[in-house]
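Worksheet: one structure, shown below.
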Amino acid sequence: MTERSPAPGGLALVEALVNTLDIESGADALDTPEARARLGITAEGTDRARTLRESLRATLLAHAGHPPHREVTPLGTLLAEAPLLVTVDAADGSAALTPADDRSLHARVAAAVAEALVAGTWIRLKACEAADCHWAYYDRSPAGRGRWCSMQVCGARAKMRRYRAKEAEG
């Protein structure tokens, strides 16, 4: 849906997972083996991935100041199950949280969130406020107040709805 460039670092994984569902059309890329392979999940892991996706979407809506789109399992609860390891680079002493199991989508997402928290970028990953969209996007606006994944699509629709409502009142 968006013309924006992907989120930085590990947040690209989170963005890609959330954007596997096109709410407007109902198309779910997790139904395809190709999309599951890109995310490193199996057909058996699809339900867990969907639960994680919708919990992430609710969190990204909160980043943008919006209520959850539906009742979901809290993200913290889901990520508490994700084993992470502290790794330390022997050469420079830098440390990072990494997934204990690279095959676990939950652990990879938890590591991406931890990386983004340290970098200060986690709060900039948001979900579009348009109810028929909720597409994930990385807000690069200077003030961090982006509202839509695409100003040309979702933003234009919202502004047109406001304009028509105002015209109907007057």
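When a residue number appears, it is its place in the shown sequence, counting from 1.
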Stepwise side chain to side chain contact (heavy atoms under 4.5 Å, CB included) test for L17 and L52: CA-CA 9 Å; L17 175 59; L52 179 59; 3.9 Å; yes

Per the salt bridge (Lys or Arg N to Asp or Glu O under 4.0 Å) rule, what does the pair list look like for residues 77-97, sequence neighbours excluded? R48-E81

Using the rule that Ile, Leu, Val, Met, Phe, Trp and Tyr join whenever any side-chain heavy atoms are under 4.5 Å apart, tell me whether Y138 and V18 fall into a single cluster. yes

State, with a plain yes or no, whether a side-chain heavy atom of R53 is found less than 4.5 Å away from one of L30. yes

When rounded to the nearest 0.5 angstrom, what is the spacing between CD in E71 and OG in S55? 11.5 Å

Strictly distance-based, threshold 3.5 Å: is any side-chain N or O of H63 a donor or acceptor partner for the main-chain N or O of L125? yes

Sequence neighbours left out, what pairs pass salt bridge (Lys or Arg N to Asp or Glu O under 4.0 Å) with at least one residue falling in residues 31-42? D31-R50

When rounded to the nearest 0.5 Å, the distance separating OG1 of T87 from CG of L97 is 7.5 Å

Please enumerate all residues that pass side-chain contact (heavy atoms from CB on, under 4.5 Å) together with A29, with sequence neighbours excluded. T20, A35

Rounded to the nearest 0.5 Å, what separates atom OG1 in T73 from atom CG in L79? 11.0 Å

Partner residues of E54 under the side chain to side chain donor-acceptor pair (under 3.5 Å) criterion, sequence neighbours left out: R57, H69

Within this structure, what is the CG-SG distance for the pair D139 and C128, rounded to the nearest 0.5 Å? 11.5 Å

Any pair with a residue in residues 99-112 that passes salt bridge (Lys or Arg N to Asp or Glu O under 4.0 Å), sequence neighbours left out, goes on the list, sorted by first then second residue, please. D101-R103

Using the side-chain contact (heavy atoms from CB on, under 4.5 Å) criterion, which residues pair with P74? Sequence neighbours excluded. T77

Donor-acceptor pair, distance only, cut-off 3.5 Å: does the side chain of E24 make one with the backbone of C133? no

